[in-house]
Amino acid sequence: MTATKHDAPYQIIRHRGHPTEGVLPDGTKVYGRDKFFFIEVSREVPVAPYSDHFIYEVTDVRNKGARWRCSCGSPAGVAGYSGYKDSGSQQGLLWVCLEHANTGLHFGGSKWL
């Protein structure tokens, strides 16, 4: 009996060393940025500085799911916490990978910040 290779549901984009761009499995190129505009506070909010993943915005309306995502495959969102003021966010808000914020790990097991 031989093992068959299956597509991993996560680890959408896997890099090391502050990546800022990647290619999704469907061939779409995505780009990370340092800040994204957050309409609820009417200003740009910085992105968490992960060493092996990045946050990107999905601009294709046909692509269902979260508008902002982490390159690990998790949705991304804005979190407010006073500790984020040390990460370059004066208002205490930061775009974060929701999986990393909740479990301390990105999908795929990466725990680097």
Side-chain angles (χ1 to χ4, degrees):
M1 178 185 269
T2 60
T4 59
K5 184 176 179 180
H6 297 284
D7 291 334
Y10 303 112
Q11 299 185 42
I12 302 297
I13 302 168
R14 190 79 169 155
H15 295 287
R16 293 270 183 224
H18 302 289
T20 57
E21 63 182 67
V23 179
L24 298 177
D26 69 357
T28 304
K29 287 188 178 184
V30 293
Y31 302 93
R33 296 194 328 222
D34 294 336
K35 298 178 182 181
F36 288 104
F37 186 78
F38 189 48
I39 198 164
E40 281 81 356
V41 295
S42 301
R43 67 174 70 119
E44 288 190 330
V45 174
V47 174
Y50 300 118
S51 64
D52 58 345
H53 290 285
F54 61 92
I55 306 296
Y56 64 93
E57 184 177 7
V58 177
T59 56
D60 186 356
V61 296
R62 296 170 293 171
N63 192 327
K64 304 296 182 204
R67 181 173 176 184
W68 288 276
R69 300 177 190 167
C70 179
S71 58
C72 75
S74 170
V78 174
Y81 175 60
S82 62
Y84 291 153
K85 291 183 178 181
D86 296 334
S87 296
S89 176
Q90 297 173 352
Q91 67 269 28
L93 298 174
L94 200 63
W95 284 100
V96 296
C97 169
L98 295 180
E99 181 68 17
H100 190 275
N102 287 316
T103 67
L105 300 170
H106 287 283
F107 281 134
S110 168
K111 55 185 168 181
W112 303 107
L113 263 180

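- The CZ atom of F38 sits 13.0 Å away from the CD atom of E44 when rounded to the nearest 0.5 Å.
- Applying the ring pair (Phe, Tyr, Trp, His ring centres under 6.0 Å) test to Y31 and every residue at least two apart in sequence or in another chain returns nothing.
- Applying the salt bridge (charged side-chain N to carboxylate O under 4.0 Å, His left out) test to every pair with at least one member in residues 23-32, sequence neighbours left out, gives no pairs at all.
- Under the rule for a salt bridge (charged side-chain N to carboxylate O under 4.0 Å, His left out), the partners of R67 that lie at least two apart in sequence or sit in another chain are E57.
- Residues meeting the salt bridge (charged side-chain N to carboxylate O under 4.0 Å, His left out) test with D60, sequence neighbours left out: R62.
- In this structure the side chain of V78 never reaches within 4.5 angstrom of the side chain of F36, judged on heavy atoms.
- Remark: T103 OG1 to L98 CG distance equals 10.5 Å, nearest 0.5 Å.
- Formation of a donor-acceptor pair under 3.5 Å by the Y50 side chain with backbone atoms of C97 is found in this model.
- Within 6.0 Å of CG on D34 lie no more than 12 heavy atoms contributed by other residues, nucleotides or ligands.
- Between H106 and H100, the ring planes lie tilted relative to each other; the angle falls in the 30° to 60° range.
- Residues L24 and Y56 form a side-chain contact, since some pair of their non-hydrogen atoms from C-beta on lies under 4.5 Å apart.
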For W95 and V45, what are the C-alpha separation, side-chain angles and deciding distance, and is it a side chain to side chain contact (heavy atoms under 4.5 Å, CB included)?
-> CA-CA 7 Å; W95 284 100; V45 174; 3.7 Å; yes
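- The nearest pair of heavy atoms linking S71 to D52 is OG-O, 4.5 Å.
- Taking all atoms of both residues into account, the shortest heavy-atom contact from V96 to A48 is CG1-CB, 4.1 Å.
- Taken from OG in S74 to CH2 in W68, the straight-line distance is 14.5 Å, to the nearest 0.5 Å.
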